[in-house]
There are 2 protein chains.
Amino acid sequence: MVEDLAIAEVAEKFQVTTRTIRYYEEIGLVHPHRENGHRRFSRKDITRLSLVFRGKKYGFQLEEIKNMIQLIDLDPSGVQQLEKTMEYGRRKMREIDRRLVELEQLKTEMNSWLQKFEEELVKRKGEPL
Amino acid sequence: MVEDLAIAEVAEKFQVTTRTIRYYEEIGLVHPHRENGHRRFSRKDITRLSLVFRGKKYGFQLEEIKNMIQLIDLDPSGVQQLEKTMEYGRRKMREIDRRLVELEQLKTEMNSWLQKFEEELVKRKGEPL
DNA sequence: GTTGAACTTAACGTTAACGTAAATGGTATA
DNA sequence: TATACCATTTACGTTAACGTTAAGTTCAAC
């Protein structure tokens, strides 16, 4: 396909090096096909990579991301499989919730530091040398 | 001081190995004093370590944490120093805000996946084999 | 058809944050 | 004081996620 992308274009698109993309293939995150030995990335491949990079941004490890992606790939043929899939999803959700709470705590804490510093600053500016 | 803690106690307290604590001293995150060559951790040391572990929980790197801790240590003697300190603090805050936004996006996204799966599940359960 | 950029695989190097092992010394208790 | 346990430093090992050659192949342009 002429609309498929070469590795350099993919790297450019996601603002990473080609090495990163090759590595992602190495560990099975994408499976671009070859044309005369050169990798070509279809629209589907690009979508997968988007998911990978989004996952990374959220601080998940590649191995985790691999699992999550497989969930999406899965056309879960049975109800049982589907329920396992959902259970995993729910666990992830809880994890995200925990992270959110912790980050909010950190924010509060840093805010109070900043305020203390601010007060210090005002005090000192008011004082003569 | 008799109320100071030995390394094993500190490790126990924070649920890590003694190696971790020694490492943190190695890279300058704490400076316990010695008694007959053995490390002893004062209350201040413990407080510092608390900050370190909290930082870790929030996903910061030790090097970052080192910087942040130094901000707290600093009794910023001049207004200039104080302003630099605050500027750093504000940058950190913005970073945290960004992380919060991203995490919330992820949450939304995962929620919609989960819902899709849920619908699938209901549909299949309604159908006969 | 030759050059030069972009591609390939293979393999070794790097950083963070510890794990683990060896050799040695201090401490508590019977 | 002998035993057992805890501590010390030194130093090499480990994992993740790439970086960095090296040596060769293919494409695009002239």
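Bear in mind that the values here come from a model prediction, so they are computed numbers and not experimental data. Proteins come first, then strands; the chains are lettered A, B, ... in the order of their sequence lines, and each starts at number 1.
Residue-level contact check: Arg34(B) touches the backbone only, with heavy atoms under 4.0 Å from sugar-phosphate atoms and none from bases. Nucleic acid contact for Ile7(A): sugar-phosphate only, since backbone atoms but no base atoms lie under 4.0 Å from a heavy atom of the residue.
Taking 4.5 Å as the limit, every side-chain heavy atom of Arg39(B) sits out of range of all side-chain heavy atoms of Val10(B).
If you look at Phe14(B) and Tyr24(B), their ring centroids are not closer than 6.0 Å.
If you find the closest nucleotide of DNA chain D to Arg39(B) and to Glu26(A), the one lying nearer the 5' end belongs to Arg39(B). Looking at which nucleotide of DNA chain D each of Thr17(A) and Gly37(A) is closest to, the 5′-most match is held by Thr17(A). Nucleotides of DNA chain C nearest to His38(B) and Glu63(B) differ in position, and the one nearer the 5' end is that of Glu63(B).
A donor-acceptor pair shorter than 3.5 Å cannot be found between the side chains of Arg43(B) and Thr47(B).
As rounded to whole Å, 13 Å separates atom C1' of dA7(D) from atom CD of Glu35(B). Atoms OH (Tyr23(B)) and P (dA11(D)) sit 17 Å apart, rounded to a whole Å.
At the phosphate of dC27(D), OP1 or OP2 sits under 4.0 Å from a side-chain N or O atom of Asn36(A).
Taking the 5' to 3' direction, DNA chain C first and last meets chain B under 4.0 angstrom from a heavy atom at dA17(C) to dT27(C).
Here the CD1 atom belonging to Ile65(A) is positioned 11.0 Å from the CZ atom belonging to Arg54(A), to the nearest 0.5 angstrom. Atom CG of Asp97(A) sits about 4.0 Å away from atom NZ of Lys107(B), to the nearest 0.5 Å.
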Handout entry: Stepwise side chain to side chain donor-acceptor pair (under 3.5 Å) test for Thr108(A) and Asn111(A)
Key = CA-CA 5 Å; Thr108(A) 304; Asn111(A) 252 329; over 6 Å; no
